[in-house]
Q: 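Following this message is one structure expressed as structure tokens.
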Amino acid sequence: MIGSGYGAAVAALRLTEAGVPTLMLEMGQSWSGGASASFCGMRSPDERSTWFAERTRAPLSSFLWMDLANRTIRRHAGVLDRVDFDEMSVYVGRGVGGGSLVNGAMAVTPRRDYLAETLPCVDVPEMYRTHFPRARAELGVNEIDPDWFETCRSYAYARLSRKQAHRAGLATTFVPSVYDFDYLRREEEGSVPRSALAAEVIYGNNHGKRSLDQTYLAAALRTGYLTIRTLHEVREIELEPDGRYTLTAREIDAEGTLLGVRRFGTDRLFLGAGSLGSTELLLRARETGRLPGLSTEVGRGWGGNGNVMLGRANHLWNTTGRLQSAMPALGIDNWDDPEHPVFAEVAPVPVGVETWLSLYLAITRNPERGRFSYDLATDSARLCWSAAQGQPAIDAAKATFDRINRANRTIYRYDLFGGTRPFENRFTYHPLGGVVLDKATDAYGRVRGYRNLYVTDGALIPGSTGVNPFVTITALAERNLERVLAEDVQPARSFS
Ligand code: FAE
């Protein structure tokens with residue numbers, strides 16, 4: 001198994017429950033014990049924040065055109081990485097638990113009609129009957145107490161955005177979460193150490209969040225059949241004449257020193273390295289001739305879930321509050337708009353002072369797709385995605401937020417994203433696609449052209465889920481694993 005994010009964690013649990021010894025290779029560190037057990041907050045990031053960089057690379061770094069959020073740091077195996085392509089940057093989590101360590105915990109089930117459209121080979125009623133409930137239960141999804149939401153300090157910023165959205169005739173909805181809302185309430189009361197209320201999110205949470213190391217992966221470890229090797233980056237996949245796969249991995253220490261190049265053999269290989277990671281591994285294998293029979297579909301169908309960030313400037317009498325939960329709990333749901341569907345989460349600005357800033361991450365329906373190619377010179381995948389391909393996402397976000405600005409006589413913020421750009425869509429938190437289900441794989445994630453080779457993560461989803469994606473990734477992995485276990489896997493196979 002390569003990687004330890006949502007897809008990999010599901011595969012690890014279901015395989016080990018079935019008695020299959022499973023080795024998981026993860027390029028990041030373990031954050032749930034040992035020397036690197038604690039995370040740093042966003043207000044004073046240190047080397048734990050960022051994957052091998054001299055300076056932090058916060059998504060929202062500019063305020064009044066000044067870079068207030070970033071710090072010079074020591075190069076280290078930190079928890080958040082930003083992978084930069086020519087005209088798109090992708091944020092990903094690094095560590096045991098993948099994106100679950102750094103994400104905003106929003107656990108949203110997608111709309112049925114949109115799931116049916118994006119993944120036509122999937123039995124949609126069965127997904128909602130079986131796999132979404134299973135995923136939500138294992139992930140520990142919980143809902144905010146609506147009465148507490150109305151009175152707490154932590155979500156004054158969200159209540160203001162809700163009022164302004166309603167004034168524009170737009171619907172809002174609570175967003176389920178894997179952050180423990182009961183813990184959050186106690187944070188506000190002052191009876192437990194603060195995490196969401198101490199600006200902890202993108203560099204990890206020390207409390208409150210049910211990341212995968214506490215849910216799926218903990219359960220898989222309890223079976224006794226899972227072994228996790230950290231700081232192992234898989235570089236190559238080869239097929240041996242006897243049908244087994246050999247993986248070549250670089251083992252480093254947390255400071256980046258190469259400790260050695262290790263080889264692992266397995267008769268069954270699951271790729272859960274995420275949209276970027278799994279796609280790159282297969283592309284490299286195809287283009288270097290190691291797995292030449294892989295489909296030409298590998299590398300296609302990539303999208304950033306139509307992500308657009310934007311800010312609005314509030315009037316002086318509309319304060320957003322100094323105490324803000326770093327875990328979003330409210331979304332503006334304008335997905336039914338026939339021309340410009342948008343689902344926008346109301347994002348926090350947890351800087352500890354009043355900013356009069358309302359911030360949003362809009363998820364839009366952008367039909368544009370990118371494509372990866374393999375660059376021999378750098379031995380890496382290159383994403384072919386142009387800024388122009390992001391324009392439909394900006395148009396959609398603008399249509400919704402122009403309405404909100406008109407209704408509230410407010411304007412966009414022009415100081416947040418460099419220059420005077422009011423919208424930011426040159427980065428995404430939601431990379432999806434690259435090894436799309438029923439194209440580069442069969443309808444259950446079995447990679448076309450090879451036996452016993454599977455993709456189990458966000459690479460399977462063709463670029464868009466219409467909501468935050470991890471619940472969909474988890475439920476799809478549950479569905480695929482159920483089938484693979486029933487049809488392909490005999491217990492007591494082993495790795496060496
Ligand atoms: P992922 O979780 O990315 O895991 C892949 C793992 O594989 C990582 O641990 C990598 O280090 C590891 N890896 C990669 N390459 C290799 C290799 N060659 N060898 C060994 N290991 C490797 O994959 N989604 C939501 O639904 N709600 C949110 O609130 C939300 N907020 C987000 C906020 C941030 C800042 C970010 C970055 C993402 C957010 N997301 C959110 C997206 C979500 O975390 C993401 O869709 C999932 O984590 C993707 O899951 P995968 O299983 O595809």
Side-chain angles (χ1 to χ4, degrees), residues 1-11 24-31 42 51 58-60 77 79-83 89-110 135 139 141 175-179 201-204 209 211-213 216-217 228-237 247-251 270-282 284 304-305 307 326-329 331 345 347 361 363 380-381 427-435 455-461 465 467-474 476-477:
M1 174 100 48
I2 307 173
S4 62
Y6 290 91
V10 171
M24 181 174 256
L25 301 175
E26 165 57 51
M27 65 191 275
Q29 308 195 59
S30 167
W31 294 89
M42 284 195 291
W51 181 255
L60 186 74
V79 72
L80 183 67
D81 194 5
R82 192 182 76 191
V83 182
S89 294
V90 181
Y91 282 97
V92 290
R94 298 273 181 239
V96 175
S100 77
L101 299 169
V102 298
N103 68 32
M106 281 168 284
V108 191
T109 303
L139 291 167
V141 176
V175 175
S177 180
V178 293
Y179 196 86
V201 52
I202 61 168
Y203 302 137
K209 196 204 264 183
S211 46
L212 290 167
D213 50 322
Y216 273 97
L217 292 173
I228 304 178
R229 297 259 178 102
T230 58
L231 295 166
H232 277 67
E233 184 196 1
V234 177
R235 298 293 303 177
E236 276 155 28
I237 305 168
L247 306 184
T248 306
R250 297 170 73 248
E251 183 183 5
F270 289 81
L271 278 79
S275 164
L276 299 188
S278 294
T279 305
E280 179 175 83
L281 282 162
L282 291 181
R284 183 184 292 125
N305 209 17
N307 278 192
M327 297 296 147
E345 76 197 47
L361 177 69
I363 294 170
S380 61
F427 75 77
T428 183
Y429 294 138
H430 299 165
L432 294 167
V435 194
V455 168
T456 182
D457 55 30
L460 293 172
I461 298 174
T465 51
V467 292
N468 316 66
F470 75 63
V471 170
T472 308
I473 295 170
T474 306
L476 189 64

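Counting starts at 1 for both ligands and their atoms, following the listed order. The figures here come from the full heavy-atom set of this structure, side chains too, leaving out hydrogens, waters and symmetry mates. Please read these numbers as outputs of a predicted model, since none were measured by experiment.
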Q: Hey, is N103 touching ligand 1 through its side chain, its backbone, both or neither, going by heavy atoms under 4.0 Å?
A: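 The answer is both.
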Q: May I ask you to check whether Y91 has an N/O atom sitting below 3.5 Å from an N/O atom of ligand 1?
A: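 In this structure, Y91 places no N or O atom under 3.5 Å from an N or O of ligand 1.
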Q: If we only count N/O pairs under 3.5 Å, is E233 in contact with ligand 1?
A: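 Such a contact does not occur with ligand 1.
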Q: Where on I473 is there a heavy atom closer than 4.0 Å to ligand 1, on the side chain, on the backbone, on both, or on neither?
A: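 It is the side chain that touches ligand 1; the backbone stays farther off.
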Q: Specify side chain, backbone, both or neither for A8, according to which of its non-hydrogen atoms lie closer than 4.0 Å to ligand 1.
A: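 Within the 4.0 Å criterion, A8 makes no contact with ligand 1.
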Q: For H232, state whether at least one heavy atom is located under 4.0 Å from any atom of ligand 1.
A: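 Yes.
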Q: Could you find the nearest protein heavy atom to atom 23 (O) of ligand 1 and give me its residue, atom name and distance?
A: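 Result: G274 CA, 3.5 Å.
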Q: Does any N or O atom in L281 lie less than 3.5 angstrom from one in ligand 1, N or O only?
A: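 Between L281 and ligand 1 (N or O atoms, distance only) the closest approach is not under 3.5 Å.
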Q: Enter the distance from L432:CG to I461:CD1 here, rounded to the nearest 0.5 Å.
A: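 Rounded to the nearest 0.5 Å, the CG-CD1 separation comes out at 5.5 Å.
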Q: Nearest heavy-atom pair of P469 and N305: which atoms, and what distance?
A: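 Closest approach of P469 to N305, heavy atoms only: CD-ND2, 4.1 Å.
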Q: For atom 45 (C) of ligand 1, state whether the nearest protein heavy atom is under 4.0 Å away.
A: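 Within 4.0 Å: no protein heavy atom nearby.
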Q: Would one find an N or O of V234, backbone or side chain, under 3.5 Å from an N or O of ligand 1?
A: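 V234 vs ligand 1: N/O contact under 3.5 Å present.
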Q: Polar-atom distance check: G95 versus ligand 1, any N or O pair below 3.5 Å?
A: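 Between G95 and ligand 1 (N or O atoms, distance only) the closest approach is under 3.5 Å.
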Q: Is it the side chain, the backbone, both or neither of I2 that has a heavy atom closer than 4.0 Å to ligand 1?
A: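 The answer is the side chain.
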Q: Ligand 1 and V102, any nitrogen or oxygen pair closer than 3.5 angstrom?
A: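 No; every N/O pair is 3.5 Å or more apart.
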Q: Taking CZ in R250 as the centre, count heavy atoms belonging to other residues, nucleotides or ligands within less than 6.0 Å. Is the count above 12?
A: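 Atom CZ in R250 is not crowded, with 12 or fewer foreign heavy atoms closer than 6.0 Å.
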Q: Tell me: protein heavy atom nearest atom 14 (C) of ligand 1, and distance?
A: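 It is A273 O, 3.3 Å.
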Q: Who's the nearest protein heavy-atom neighbour of atom 47 (C) of ligand 1, and how far?
A: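 Going by distance alone, atom 47 (C) of ligand 1 is nearest to Y6 CD1, 3.6 Å.
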Q: So, is G104 polar-close to ligand 1, with some N/O to N/O distance under 3.5 Å?
A: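 Checking ligand 1 against G104, an N or O pair does fall under 3.5 Å apart.
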Q: If you measure from atom 29 (O) of ligand 1 to every heavy atom of E236, M106, R94, E345, which option wins on shortest distance?
A: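 Of the listed residues, M106 has the closest heavy atom.
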Q: Could you find the nearest protein heavy atom to atom 3 (O) of ligand 1 and give me its residue, atom name and distance?
A: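 So the nearest neighbour among protein heavy atoms is G99 N, 4.1 Å.
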Q: Can you find an N/O atom of G7 closer than 3.5 Å to an N/O atom of ligand 1?
A: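 Yes - when backbone and side-chain N and O of G7 are compared with those of ligand 1, one distance drops under 3.5 Å.
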Q: Under 4.0 angstrom from ligand 1, any heavy atom of S4?
A: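 Contact present.
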Q: Fit a plane to each ring of F470 and Y6, take the angle between them on a 0 to 90° scale, and name the class: parallel (under 30°), tilted (30 to 60°) or perpendicular (over 60°).
A: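 Rings of F470 and Y6: parallel, under 30°.
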